[in-house]
Engineer: 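To start, I am sharing the structure in question, which I have written as structure tokens.
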Amino acid sequence: MTSRIDPPPTQPVPAIHRRVPQYLARRLWQIANTFQSEAHAGFDLPVWNVALIAQIQTSPGMDRNWLAAAIGIDPTSTGQALAALEARGLVARSANPQDRRANAFSLTPAGHALRAEFAVQARTVSRRLLAPLTDAEAETLLDLMARLVDAHETHARPGAGRRPPRRARREEDPPCPTPSGTSGAAPPVASASASSSAAAARRRSPQPGPTARSD
């Protein structure tokens with residue numbers, strides 16, 4: 001009979017990490033991301049697209065780069081998301097009156113309807129995440145978190161901390177070592193006179209004729 005392995009019990013934050021804000025921020029994000037993923041599992045959209053849709057509703061008519069900066073996602077990923085949302089009929093694209101080279105984005109009626117559903121889910125996630133706190137504590141926490149983000153906004157680089165591309169890592173690797181017994185110098189080039197003598201010897205020697213085929 002196979003024994004059942006119970007999941008490890010939840011533990012409080014280890015003492016060594018309880019006063020390390022970057023550790024606590026990372027762990028809190030993991031928890032928040034889990035809550036959001038569970039709440040939005042039926043929508044077939046990346047979790048951060050919820051913020052993008054909310055931002056478009058709040059500030060319609062803005063271009064891709066502005067939206068990317070507002071939600072803290074790189075412009076390339078934001079552009080791909082906008083294209084996917086447009087293909088699903090949730091976002092409409094139009095010419096930007098301030099800059100004809102850029103596009104302006106707004107929600108379609110279907111996008112507004114989906115945003116209304118997201119708003120309900122977002123409130124549920126917020127209540128679940130802040131449930132261990134009193135209302136006053138929750139307000140204080142949100143104010144302090146917003147102050148920290150505002151103060152350090154210039155360092156909020158999307159993708160920071162990711163591993164560099166594999167190609168870049170290969171280029172940084174040191175060159176292969178020279179085999180033992182060699183100096184690593186370029187192979188010697190035969191002198192011109194030696195090359196000429198060898199060529200003359202080949203011309204004097206009889207050249208083999210074509211080999212007869214046996215088919």
Side-chain angles (χ1 to χ4, degrees), residues 21 24-162:
L24 296 174
R26 180 177 64 85
R27 294 291 287 172
L28 186 58
W29 164 242
Q30 291 174 337
I31 296 167
N33 195 49
T34 297
F35 289 175
Q36 291 186 93
S37 298
E38 293 173 356
H40 301 298
F43 293 102
D44 191 27
L45 282 173
V47 169
W48 67 269
N49 281 197
V50 177
L52 177 59
I53 291 174
Q55 190 65 59
I56 295 173
Q57 184 186 54
T58 304
S59 49
M62 306 307 294
D63 63 18
R64 180 201 66 172
N65 291 346
W66 190 96
L67 293 169
I71 64 174
I73 300 293
D74 64 273
T76 299
S77 297
T78 302
Q80 293 170 347
L82 288 168
L85 295 173
E86 183 181 10
R88 292 179 60 168
L90 302 172
V91 167
R93 182 193 305 254
S94 60
N96 190 327
Q98 280 75 37
D99 184 356
R100 292 292 178 178
R101 297 170 298 177
N103 292 309
F105 296 92
S106 58
L107 294 185
T108 64
H112 282 288
L114 185 60
R115 165 59 184 153
E117 294 186 57
F118 284 160
V120 174
Q121 298 289 349
R123 288 192 293 269
T124 301
V125 171
S126 296
R127 285 194 298 268
R128 184 182 179 188
L129 187 62
L130 299 174
L133 307 178
T134 65
D135 291 344
E137 289 173 335
E139 289 297 323
T140 299
L141 175 64
L142 295 175
D143 288 341
L144 294 176
M145 291 176 69
R147 282 174 56 188
L148 289 174
V149 173
D150 288 341
H152 301 303
E153 179 63 27
T154 56
H155 302 287
R157 297 184 297 273
R162 295 178 184 171

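This is a predicted model, so every value here is computed, not measured.
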Engineer: Look only at the side chain of T108 and the backbone of G89, and say whether a donor-acceptor pair between them is shorter than 3.5 Å.
Structural biologist: yes
Engineer: Check step by step if side-chain contact (heavy atoms from CB on, under 4.5 Å) holds for N103 and L82.
Structural biologist: CA-CA 11 Å; N103 292 309; L82 288 168; over 6 Å; no
Engineer: Who are the side chain to side chain contact (heavy atoms under 4.5 Å, CB included) partners of P46, not counting sequence neighbours?
Structural biologist: W48, N49
Engineer: How would you list all residue pairs meeting salt bridge (charged side-chain N to carboxylate O under 4.0 Å, His left out) that involve residues 117-129, not counting sequence neighbours?
Structural biologist: E38-R128
Engineer: Is D135 atom CG crowded by more than 12 heavy atoms from other residues, nucleotides or ligands, each under 6.0 Å away?
Structural biologist: no
Engineer: Could you check whether any side-chain heavy atom of T140 comes within less than 4.5 Å of a side-chain heavy atom of L133, counting everything from C-beta outward?
Structural biologist: no
Engineer: For the residue pair P60 and S106, what are the closest heavy atoms and their distance?
Structural biologist: CB-CB, 4.1 Å
Engineer: Which pair of heavy atoms, one from I53 and one from G111, lies closest together, and at what distance?
Structural biologist: CG2-O, 4.3 Å
Engineer: Not counting sequence neighbours, which residues clear side chain to side chain contact (heavy atoms under 4.5 Å, CB included) with S126? List them please.
Structural biologist: none
Engineer: Show the numbers, then the answer: is there a side-chain contact (heavy atoms from CB on, under 4.5 Å) between L90 and E86?
Structural biologist: CA-CA 6 Å; L90 302 172; E86 183 181 10; over 6 Å; no
Engineer: Sort and list the pairs that fulfil side chain to side chain donor-acceptor pair (under 3.5 Å) and have at least one residue in residues 53-73, not counting sequence neighbours.
Structural biologist: Q55-S59, Q57-H112, Q57-R115
Engineer: Could you tell me whether the side chain of L52 reaches within less than 4.5 Å of the side chain of F105, counting heavy atoms only?
Structural biologist: no
Engineer: Using a 4.5 Å cut-off on heavy atoms from C-beta on, say whether the side chain of V50 contacts that of Q36.
Structural biologist: no
Engineer: Looking only at heavy atoms, which two atoms of V47 and S37 are closest? And how far apart?
Structural biologist: CG2-OG, 3.5 Å
Engineer: What pairs with R26 under side chain to side chain donor-acceptor pair (under 3.5 Å), at least two apart in sequence or on another chain?
Structural biologist: none
Engineer: Where do L45 and R88 land on the side-chain contact (heavy atoms from CB on, under 4.5 Å) test, with the steps shown first?
Structural biologist: CA-CA 11 Å; L45 282 173; R88 292 179 60 168; 3.2 Å; yes
Engineer: Taking CG in D143 as the centre, count heavy atoms belonging to other residues, nucleotides or ligands within less than 6.0 Å. Is the count above 12?
Structural biologist: yes
Engineer: Who pairs with R147 by side chain to side chain contact (heavy atoms under 4.5 Å, CB included), at least two apart in sequence or on another chain?
Structural biologist: L144
Engineer: Evaluate I31 against L129 for side-chain contact (heavy atoms from CB on, under 4.5 Å), listing each step before the verdict.
Structural biologist: CA-CA 8 Å; I31 296 167; L129 187 62; 4.0 Å; yes
